[in-house]
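Written out below as C-alpha cells is the structure these notes cover.
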Amino acid sequence: DDESFLVSNPVNIRYLSGFTGSNGLLHISKLTAHLYTDSRYEIQATKEVSEFEVLISQDIWNQVTKGISSAVLCIEARHLTVGKLAGLKQGLPSLKFKECSDLVEQSRIRKDSTEIQWITKACEISVEALRQLTEMKLIGKTELELSTWLERKMIDLGATDKAFNTIVASGENSAIPHHQPTSRQIASGDLLKIDFGADYHGYKSDCTRTFAIGNAQTWQKEIHNAVRQGQSIGRELAAINAKISDVDQAVRNQIQQSGYGQYFTHGLGHGVGLEIHEDPFLSSKTADKITEDMVITVEPGIYLAESGGVRIEDTGVITTSGYEVLTKFTYELLELA
C-alpha cells in the first residue's frame, strides 16, 4: 500500500532518530525519511541525527504537509491533538488517515544492549545515592530536604537528570502511593517510603524501598514482610513466556493470604526506558507474555490510610535466566535514625 508514517510523540522521535529537541516531526515513507524541526535546533539536530534528512522550518506542521505524497498517512492517534489533525486534514483534503498508535511503543518494549547498559548505569547511580542517604541522620529533616538531597546526589554520581519527581513519604503520608514531598519532618515511629530514580542518557531507573525510623513496630514489620514476600514471588515468576496477568495474580494472591489484599490498590509494575512508565504494564488486564530483553518493574504495595504504607520496587531486565534485578539494594526493613 502507498502509506507513510508521521511520528509526533517526542519520545518516539528520540527513539527512532536520536533527536532530543522539544519541537520536531518525523515523516517516514518507503523512499524518504525526514526530521522536521525549527531553527533553534538546527545545529543540535545536525549533530544528533544521521539517518534522517533534517529539514528546518518555522512552521513544521505546514512544512510537513508539503512533503506528504502518499495516499495514506499513519498517525500516532494517542499523541496527535485534535487541532493538529484538523490542520493536516485541511492541508491534505484527499489524504486518508490511519491510526497507528503504539507502533513505535511496541518496538521499544525490547531493549538493545546499549539501552540495557544505560538503564543499568541509571540503576547503579540511584542505588548508590540511596545507600548514602541511609547513612545520614534523618530524624528532623523534611521530606523535601531528603528528596532534594537525593536528586542532587544522583547528579553528583553521574546522572544526566532525575528520572521523575522523587517521592519521599513519611508517617501517614507513606500510605499515599504517589505522595508529593512536603515540609513534614521525619520522626521516630514513621515508615519512610522513598520512590525515585536516575536518568542516564535519557534512560530511567525506578526503585522504591521503605524504611522504619527508630525501632520498627509490629504492624510495620507485618506489612513490610507481606510486601516483601509478594515482591519476591513477582521477581521469581517474571520470566520469558510467563503471562503478565498470571504474575500479577500470583502476587495479589500472596498479599491476599497475608490479609492485606484490599490494600494493594495499583498495578504490579510497568516497563522502563526512555519513559519512566511505558509498555508493558503489569496488571490483570494485560494478556501479553513476558519476553527477553524487557525492562520492567515489580512493585507491590500495601497502604493503610492514616497509618502508613510500604512499597518495594525493583527495575529488572528479563534474561534467559529470569528477572535480573538492576536496583540491587537490601529487602530488609532497615531501622534508621
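Here, residue 1 is the first one in the sequence, and each next residue gets the next number.
- Considering CG of Leu31 and OG of Ser69, their distance stands at 8.5 Å, rounded to 0.5 Å.
- Under the 3.5 Å distance criterion, with hydrogens and angles disregarded, a donor-acceptor pair is assigned to the side chains of Glu105 and Asn12.
- Between the side chains of Ser39 and Gln58, a donor-acceptor pair is found at a separation under 3.5 Å.
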- Query: Would Ser4 and Ser70 satisfy side chain to side chain donor-acceptor pair (under 3.5 Å), going step by step from the backbone distance to the final call?
  - Reply: CA-CA 6 Å; Ser4 63; Ser70 59; 2.7 Å; yes
- Full working for side chain to side chain donor-acceptor pair (under 3.5 Å) between Tyr260 and Glu222: CA-CA 10 Å; Tyr260 293 99; Glu222 190 173 292; 2.4 Å; yes
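- Both tests pass for Arg252 against the ring of Phe264: distance under 6.0 Å to the centre and angle within 45° of the axis.
- Ring pair Phe19/Phe52: centre-to-centre distance not below 6.0 Å.
- For the residue pair Ser126 / Ser205, a side-chain donor-acceptor distance below 3.5 Å is found, with atom types taken as modelled.
- For the 3.5 Å distance criterion, the side chains of Arg78 and Asn9 fail to qualify, holding no donor opposite an acceptor.
- In this structure the side chain of Glu42 never reaches within 4.5 angstrom of the side chain of Thr37, judged on heavy atoms.
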- Query: What do the steps show when you test His224 against Tyr331 for side chain to side chain donor-acceptor pair (under 3.5 Å), and what is the final call?
  - Reply: CA-CA 9 Å; His224 189 276; Tyr331 300 107; over 6 Å; no
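- Asp293 has no carboxylate O lying under 4.0 Å from a charged side-chain N of Lys111, or vice versa, which leaves the two without a salt bridge.
- Listed by chain and residue number, nothing satisfies the side-chain hydrogen bond (donor to acceptor under 3.5 Å, both in side chains) test with Asp246 (two or more places apart in sequence, or in another chain).
- Residues Lys289 and Met294 approach most closely at O-CE, 3.5 Å, considering heavy atoms.
- Salt-bridge annotation for Glu275 and Arg14: absent, with no side-chain N of the basic residue lying under 4.0 Å from a carboxylate O of the acidic one.
- For the residue pair Gln249/Asn253, the side-chain donor-acceptor check at 3.5 Å is satisfied.
- The residue from Lys328, Arg209, Arg228 that alone fulfils the salt bridge (Lys or Arg N to Asp or Glu O under 4.0 Å) condition with Asp314 is Arg209.
- The shortest heavy-atom contact between Val7 and Ile13 is O-CD1, 3.5 Å.
- For the atom pair Trp61 CH2 and Lys66 NZ, the distance stands at 15.5 Å (nearest 0.5 Å).
- The structure places NE2 of His79 at 12.0 Å from CG of Leu6, a figure rounded to the nearest 0.5 Å.
- Note on ring orientation: taking the six-membered ring where Trp is involved, the planes of Trp118 and Tyr203 are tilted (angle from 30° to 60°).
- Checked against the 6.0 Å centroid criterion, the rings of His270 and His277 qualify as a close aromatic pair.
- A donor and an acceptor atom, one from each side chain of Gln185 and Lys141, are nowhere located under 3.5 Å apart.
- Using a 4.0 Å cut-off between a side-chain N of Lys or Arg and a carboxylate O of Asp or Glu, Glu143 and Arg184 do not qualify as a salt bridge.
- Contact check for Pro300 versus Arg311: no side-chain heavy atoms found under the 4.5 Å cut-off.
- With contacts defined as side-chain heavy-atom distances shorter than 4.5 Å, the pair Thr182/Thr142 does not qualify.
- Val325 and Val127 fall into different hydrophobic clusters, defined by Ile, Leu, Val, Met, Phe, Trp and Tyr side-chain heavy atoms under 4.5 Å apart, directly or through other members.
- A side-chain donor from one of Ser22 and Tyr41 sits under 3.5 Å from a side-chain acceptor of the other.
- By the 4.5 Å heavy-atom criterion applied to side chains, Val104 and Phe5 are counted as neighbours.
- Between Leu150 and Leu130, the shortest heavy-atom contact is CD2-N, 4.0 Å.
- When every heavy atom of Asp195 is checked against every heavy atom of Glu313, the shortest pair comes out as OD1-OE1, 3.4 Å.
- Between Lys204 and Asp161 there is no salt bridge, since no side-chain nitrogen of the basic residue lies less than 4.0 Å from a carboxylate oxygen of the acidic one.
- Ala226 and Ile302 get closest at one heavy-atom pair: CB-CD1, 3.7 Å.
- Ile244 approaches Pro280 most closely through the heavy-atom pair CD1-CB, 3.9 Å.
- There is a side-chain donor-acceptor pair under 3.5 Å between Thr297 and Glu299.
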